[in-house]
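Heavy-atom basis, side chains included; hydrogens, waters and symmetry copies ignored. All of these numbers come straight from a predicted model, not from anything done at the bench.
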Amino acid sequence: MTVLSGAGISTDSGIPDFRGPAGVWTRDPDAERASTLSHYLAEPGLRRAAWRNRARWFARDPVPNAGHAAIVALERRGVLRGVVTQNVDGLHQRAGTDPALVHEVHGSILSTRCWGCGDRRPMPEALARVAAGEDDPPCRACGGILKSDTILFGQSLEPAVIDAALRTAEDCDVLLAVGSTLSVYPAANCVPRARAAGARVVIVNGQPTEMDGHAEIAIVASLSEALPVICDAPAAPARGPAVG
């Protein structure tokens, strides 16, 4: 099984999604602007607000929930091919999933990256500088603009990560897509790629998705309630023709 996870798997950890009724961008349009690379680089005020938001995020210290634990159970049963995640929170790894199996297609908030020289460092190092009074800390190496090591709109994805994610989707018997609207590409391409390769597709989300027509089973439910049940089910049968 390959798992494709989106923001919905982390909402029960206290991390809001982006586009939902209580989503980050719904409540704070400036947060959406700060998620666009050109605005982030050009507007110091947005960067200062982004650093305050990062500090609050780390202060809340979100922890994995039952949905993340259910994915770990798949690995322990020996049936997890990999996790392709659109999330940047690192909760799959923190829950116990082998980091080597996790493909973070949108990067990680747990580290920083200098837009100038590419220097990467642990996020707490920059947040300590923010707490000490630097409201927009520059890169220690070159003085350039620091950002979280996440992929912003207008920023190129990491080709090696995307290639590995799509290969993982194509090399499974079952693709389990959880907590994603499946409307953001190229991550959403995992669904048709898996289906074309002969995998069965199961979608679990809090609302219908744009890819439900590709699924053999589409479930609208709480992920923290549904995933422990699904992932405790008997192993899927050997791969056969896609149906449904």
*Asks:* Between Leu166 and Pro186, which heavy-atom pair has the shortest distance, and what is it?
*Replies:* CD2-O, 4.3 Å
*Asks:* How many angstroms lie between CD1 in Ile9 and CG in Leu4, if you round to the nearest 0.5 Å?
*Replies:* 10.0 Å
*Asks:* If every non-hydrogen atom of Leu223 is compared with every non-hydrogen atom of Pro228, which pair is closest and at what distance?
*Replies:* O-CD, 3.7 Å
*Asks:* Report yes if some heavy atom in the side chain of Asp135 is under 4.5 Å from a heavy atom in the side chain of Val130; otherwise report no.
*Replies:* no
*Asks:* Rounded at 0.5 Å granularity, tell me how far CD1 in Ile151 sits from OG in Ser35.
*Replies:* 12.0 Å
*Asks:* Look only at the side chain of Thr209 and the backbone of Met211, and say whether a donor-acceptor pair between them is shorter than 3.5 Å.
*Replies:* yes
*Asks:* Can you find a heavy atom in the side chain of Phe153 that is under 4.5 Å from one in the side chain of Leu37?
*Replies:* no
*Asks:* What I want to find out is whether Arg81 reaches Asp171 closely enough, with some N-O distance under 4.0 Å, to be called a salt bridge.
*Replies:* yes
*Asks:* Determine, step by step, whether Gln86 and Ser180 satisfy the side chain to side chain donor-acceptor pair (under 3.5 Å) criterion, reporting the C-alpha distance in whole Å, the side-chain angles of both residues, the deciding distance to 0.1 Å, and the verdict.
*Replies:* CA-CA 8 Å; Gln86 298 170 272; Ser180 174; 2.7 Å; yes
*Asks:* Rounded to the nearest 0.5 Å, how far does CG of Leu227 lie from CG of Leu74?
*Replies:* 8.5 Å
*Asks:* May I ask you to test the Val84-Val105 pair for a side-chain heavy-atom distance under 4.5 Å?
*Replies:* yes
*Asks:* Quick one, Ser13 with Asn65, criterion side chain to side chain donor-acceptor pair (under 3.5 Å). Give me CA distance, side-chain angles, the key distance, then yes/no.
*Replies:* CA-CA 6 Å; Ser13 294; Asn65 61 56; 2.9 Å; yes
*Asks:* Is there a continuous path of hydrophobic side-chain contacts, each under 4.5 Å between heavy atoms, that joins Leu91 to Val63?
*Replies:* no
*Asks:* Salt bridge check: are Arg94 and Asp61 linked by an N-O gap of less than 4.0 Å?
*Replies:* yes
*Asks:* What verdict does the side-chain contact (heavy atoms from CB on, under 4.5 Å) test give for Ile219 and Ile203, after you've listed the backbone C-alpha separation in whole Å, the side-chain angles of each residue and the deciding distance to 0.1 Å?
*Replies:* CA-CA 6 Å; Ile219 301 169; Ile203 297 175; over 6 Å; no
*Asks:* Cut-off 3.5 Å, side chains only: do Thr150 and Ser148 have a donor facing an acceptor?
*Replies:* yes
*Asks:* Treat each ILVMFWY residue as a node, draw an edge where side-chain heavy atoms are under 4.5 Å apart, and state whether Val191 and Met1 are in one component.
*Replies:* no
*Asks:* Where do Gly144 and Cys114 come nearest, in terms of heavy atoms and distance?
*Replies:* CA-SG, 4.0 Å
*Asks:* Distance check, rounded to the nearest 0.5 Å: Asn205 atom CG versus Leu182 atom CG?
*Replies:* 7.0 Å
*Asks:* A side-chain contact here means heavy atoms from C-beta on lying under 4.5 Å apart; do His103 and Thr168 qualify?
*Replies:* yes
*Asks:* Working to the nearest 0.5 Å, report the span between CG of Leu46 and OH of Tyr40.
*Replies:* 9.5 Å
*Asks:* Would you check if Ile71 and His92 make a side-chain contact, meaning some heavy-atom pair closer than 4.5 Å?
*Replies:* yes
*Asks:* Within a strict 4.5 Å, meaning less than it, do heavy atoms of the Arg167 and Asp163 side chains meet?
*Replies:* yes
*Asks:* Do NZ/NE/NH1/NH2 and the carboxylate oxygens of Asp149 and Lys147 come within less than 4.0 Å?
*Replies:* no
*Asks:* Is it true that Val3 and Ile230 fall in one hydrophobic cluster, defined by side-chain heavy atoms closer than 4.5 Å?
*Replies:* yes
*Asks:* Before giving the answer on side chain to side chain donor-acceptor pair (under 3.5 Å), spell out for Ser222 and Ser224 the whole-Å C-alpha distance, their side-chain angles and the decisive distance to 0.1 Å.
*Replies:* CA-CA 6 Å; Ser222 162; Ser224 290; 4.9 Å; no
*Asks:* Can you tell me if Arg76 has over 12 outside heavy atoms packed within less than 6.0 Å of its CZ?
*Replies:* no
*Asks:* Taking all atoms of both residues into account, what is the closest heavy-atom pair of Ala194 and Ala169, and its distance?
*Replies:* CB-O, 3.2 Å
*Asks:* Can you list the steps and then say if Thr2 with Leu176 is a side-chain contact (heavy atoms from CB on, under 4.5 Å)?
*Replies:* CA-CA 6 Å; Thr2 289; Leu176 176 61; over 6 Å; no
*Asks:* Apply side-chain contact (heavy atoms from CB on, under 4.5 Å) to the pair His68 and Ser10, showing each step before the final yes or no.
*Replies:* CA-CA 8 Å; His68 298 100; Ser10 293; 3.4 Å; yes
*Asks:* Counting N and O atoms only, with roles assigned by atom type, does the side chain of Glu104 sit under 3.5 Å from a partner on the main chain of Asn87, one being a donor and the other an acceptor?
*Replies:* no
*Asks:* Measure the shortest side-chain to side-chain distance between Pro122 and Glu125 over non-hydrogen atoms and say whether it is less than 4.5 angstrom.
*Replies:* yes
*Asks:* Salt bridge (charged side-chain N to carboxylate O under 4.0 Å, His left out) between Arg47 and Asp136: does it pass, once the steps are laid out?
*Replies:* CA-CA 6 Å; Arg47 293 200 300 274; Asp136 184 16; 2.9 Å; yes
*Asks:* Are side-chain heavy atoms of Ser111 and Met123 found at a separation under 4.5 Å?
*Replies:* no
*Asks:* Is there a path of hydrophobic side-chain contacts, each under 4.5 Å between heavy atoms, that joins Leu110 and Ile15?
*Replies:* yes
*Asks:* Taking Arg120's backbone N and O only, do any of them form a donor-acceptor pair with Arg113's side chain (distance below 3.5 Å, no angle check)?
*Replies:* no
*Asks:* Examine Leu175 and Ile162 and state if one hydrophobic cluster contains both, with Ile, Leu, Val, Met, Phe, Trp and Tyr joined whenever side-chain heavy atoms are less than 4.5 Å apart.
*Replies:* yes
*Asks:* May I have the step-by-step check of side-chain contact (heavy atoms from CB on, under 4.5 Å) for Leu146 and Trp115, ending in yes or no?
*Replies:* CA-CA 6 Å; Leu146 277 189; Trp115 188 247; over 6 Å; no
*Asks:* Please name the pair of heavy atoms, one in Ser183 and one in Ala188, separated by the smallest distance, quoted to 0.1 Å.
*Replies:* N-CB, 4.3 Å
*Asks:* Calculate, to the nearest 0.5 Å, the distance between atoms SG and CD belonging to Cys190 and Glu170 respectively.
*Replies:* 8.5 Å
*Asks:* What pair of heavy atoms forms the shortest contact from Pro192 to His214, and how long is it?
*Replies:* CB-CE1, 4.1 Å
*Asks:* Can you confirm if the NZ or CZ of Arg54 lies within 45° of the ring axis of Trp51 and under 6.0 Å from the centre of its six-membered ring?
*Replies:* yes
